[in-house]
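Let me begin by presenting the structure, written as structure tokens, before commenting on it.
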Amino acid sequence: MKYKYEMHCHTEMVSQCGKTQPGDIVKMYKDKGYSGIVLTEHYSPLTFGLNSYYKPQRLIEFYLSSYYEMKKYETEDFKIFFGMELRHYATGADYLIYGVDPDWLRQQGNLLKLFEKQVYELMHAQGYLVFQAHPFRPYILRCNPKYIDGIEIYNGKCDKKTNDKAQRWADKTGKLIVSGSDFHEVQNLARGGIITDRPIKDNKDLVELLKAQDFEVIKTY
């Protein structure tokens with residue numbers, strides 16, 4: 001049996017650019033034969049507001065709200081995992097963080113103040129993985145490969161030329177790879193993700209799978 005997982009997903013509840021509610025997303029992905037979703041809401045100034053520099057943690061429960069809402073629709077054969085898409089203040093790079101524990105996140109300060117080396121060290125201390133999202137999308141800056149574990153080599157909202165550049169960068173740097181739909185609305189549905197031979201039970205399983213690269217990436221062109 002094969003298992004399909006969405007690795008890059010946003011909702012209307014938290015991400016300003018999202019246009020779909022958590023329950024609707026789960027239903028659509030179930031209908032497409034997926035086995036689960038890694039929810040990666042934007043942890044960014046747009047989410048927390050420009051006045052969040054000193055006290056972003058006051059909104060952390062808001063940030064987590066869509067994850068807990070989506071978890072209500074979890075079933076034995078469809079799992080929801082917590083992840084993040086982090087963007088620092090005044091930068092143009094987005095980082096997909098896999099393996100994150102919501103309770104750990106509650107205890108952190110303002111992650112937007114940290115730059116790539118600090119984020120990498122902080123996440124690695126917890127056993128989390130850092131991937132750069134859609135690195136060749138216009139206006140996105142490539143980060144230092146020393147401070148990421150992997151690269152999103154296929155993004156469902158990018159064209160083939162852009163994704164091929166990401167694949168070549170991953171080949172050159174030897175980084176881990178992942179694919180995601182970058183779901184925001186119905187048009188982005190099931191355009192990426194991974195296919196595995198075994199189900200993913202929790203975030204620990206997810207991290208181990210990504211490290212082992214024991215999956216097939218989904219591409220829809």
Side-chain angles (χ1 to χ4, degrees), residues 5-11 14-15 17-18 36-48 52 56-57 59-60 62-68 70-71 79-89 91-135 137 140-155 166 170 175-184 192-194 200 202-213 215:
Y5 295 93
E6 176 57 73
M7 302 295 292
H8 190 165
C9 179
H10 304 279
T11 78
V14 170
S15 294
C17 47
I37 294 171
V38 182
L39 185 60
T40 54
E41 299 283 27
H42 289 290
Y43 188 109
S44 74
L46 286 177
T47 299
F48 291 102
S52 66
Q57 286 303 98
L59 294 178
I60 199 64
F62 164 71
Y63 181 76
L64 295 171
S65 63
S66 59
Y67 167 68
Y68 289 112
M70 189 173 277
K71 286 283 280 186
K79 299 299 182 182
I80 307 301
F81 307 98
F82 182 70
M84 301 169 59
E85 184 172 6
L86 172 65
R87 176 178 287 198
H88 315 298
Y89 286 121
T91 67
D94 294 312
Y95 302 88
L96 292 167
I97 314 295
Y98 295 115
V100 183
D101 181 345
D103 289 332
W104 173 85
L105 186 61
R106 286 187 174 99
Q107 299 168 17
Q108 305 312 303
N110 187 351
L111 299 184
L112 300 176
K113 295 180 181 180
L114 307 181
F115 285 84
E116 54 189 28
K117 181 180 179 181
Q118 295 170 301
V119 167
Y120 182 73
E121 292 174 347
L122 178 66
M123 299 304 172
H124 265 226
Q126 300 300 316
Y128 307 153
L129 295 178
V130 181
F131 283 64
Q132 182 160 12
H134 42 66
R137 181 178 289 175
I140 294 292
L141 301 177
R142 261 71 65 202
C143 63
N144 187 331
K146 290 169 56 178
Y147 304 126
I148 55 172
D149 299 292
I151 296 166
E152 186 182 48
I153 55 94
Y154 178 87
N155 178 285
K175 296 297 177 180
L176 303 176
I177 63 170
V178 77
S179 162
S181 298
D182 200 357
F183 180 92
H184 289 75
I194 62 174
I200 301 173
D202 51 32
N203 263 351
K204 181 180 178 182
D205 260 5
L206 175 63
V207 167
E208 290 176 354
L209 184 75
L210 288 171
K211 286 180 177 179
Q213 296 283 275
F215 56 80

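Between F183 and T40 the shortest side-chain heavy-atom distance does not fall below 4.5 Å. Two residues are said to be in side-chain contact when any heavy atoms from C-beta on lie closer than 4.5 Å; F215 and L210 meet this criterion. I153 is not listed as a side-chain neighbour of K175, based on a closest heavy-atom distance of 4.5 Å or more. Residues E85 and T47 are not in side-chain contact: their nearest non-hydrogen atoms beyond the backbone lie 4.5 Å or more apart.
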For side-chain contact (heavy atoms from CB on, under 4.5 Å), just list the numbers for L105 and L111, CA-CA rounded to whole Å, side-chain angles, deciding distance to a tenth of an Å, and then say yes or no.
CA-CA 9 Å; L105 186 61; L111 299 184; 3.7 Å; yes

Discussion item. Test side-chain contact (heavy atoms from CB on, under 4.5 Å) on L96 and M7; report intermediate values, then the result.
Written reply: CA-CA 9 Å; L96 292 167; M7 302 295 292; over 6 Å; no

(request) For side-chain contact (heavy atoms from CB on, under 4.5 Å), just list the numbers for Y67 and V14, CA-CA rounded to whole Å, side-chain angles, deciding distance to a tenth of an Å, and then say yes or no. (result) CA-CA 9 Å; Y67 167 68; V14 170; over 6 Å; no

Problem set entry | Audit row: R137, D182, salt bridge (Lys or Arg N to Asp or Glu O under 4.0 Å) steps and yes/no | CA-CA 12 Å; R137 181 178 289 175; D182 200 357; 2.9 Å; yes

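Considering every non-hydrogen atom in both I37 and C9, the closest pair reads CG2-CB, 3.8 Å. Contact between E152 and A166 at its shortest, heavy atoms only, is O-CB, 3.7 Å. The minimum heavy-atom distance linking P102 with L64 is given by the pair CB-CD2, 3.9 Å. Smallest separation of non-hydrogen atoms from Y154 and G192: CE2-CA, 4.0 Å. Of all heavy-atom pairs between P135 and I151, the closest is CG-CG2, 3.8 Å.
Put simply, the side chain of D202 gets close to the backbone of D205: a donor and an acceptor are under 3.5 Å apart. Using a distance-only test at 3.5 Å, with no hydrogens or angles considered, no donor-acceptor pair links the side chain of E41 to the main chain of S66. Between the Q132 side chain and the A93 main chain, no donor and acceptor come within less than 3.5 Å of each other. Without hydrogens or angle criteria, E116 side chain to C143 main chain gives no donor-acceptor distance under 3.5 Å.
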Show me the donor-acceptor pairs, under 3.5 Å and distance only, between side chains in residues 117-126 and residues at least two apart or in other chains.
| residue | atom | partner | partner atom | Å |
| --- | --- | --- | --- | --- |
| Q118 | OE1 | F115 | N | 3.0 |
| H124 | NE2 | D149 | OD1 | 2.7 |
| H124 | NE2 | D149 | OD2 | 2.9 |

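Y98 pairs by the ring pair (Phe, Tyr, Trp, His ring centres under 6.0 Å) definition with F131, not counting sequence neighbours. Checked against ring pair (Phe, Tyr, Trp, His ring centres under 6.0 Å), Y95 has the following partners two or more places apart in sequence or in another chain: H88. With sequence neighbours excluded, no residue forms a salt bridge (charged side-chain N to carboxylate O under 4.0 Å, His left out) with K211.
Sorted by first and then second residue, the pairs that involve residues 95-105 and meet salt bridge (charged side-chain N to carboxylate O under 4.0 Å, His left out), not counting sequence neighbours, are D103-R106. Legend: salt bridge (charged side-chain N to carboxylate O under 4.0 Å, His left out) pairs involving residues 124-133, not counting sequence neighbours: none detected.
A distance of 11.0 Å separates CG in N203 from CD in E208, rounded to the nearest 0.5 Å. Annotation: the span from I148 atom CD1 to I97 atom CD1 amounts to 10.5 Å, rounded to 0.5 Å. Taking CG of L112 as the start and OG of S44 as the end, the distance is 7.0 Å to the nearest 0.5 Å. Within the model, atoms OH of Y5 and CD1 of I200 stand 5.0 Å from one another, a figure rounded to the nearest 0.5 Å. To the nearest 0.5 Å, the span separating NE2 on H10 from CG on L39 amounts to 8.5 Å. Atom CE of M84 sits about 4.5 Å away from atom OH of Y63, to the nearest 0.5 Å.
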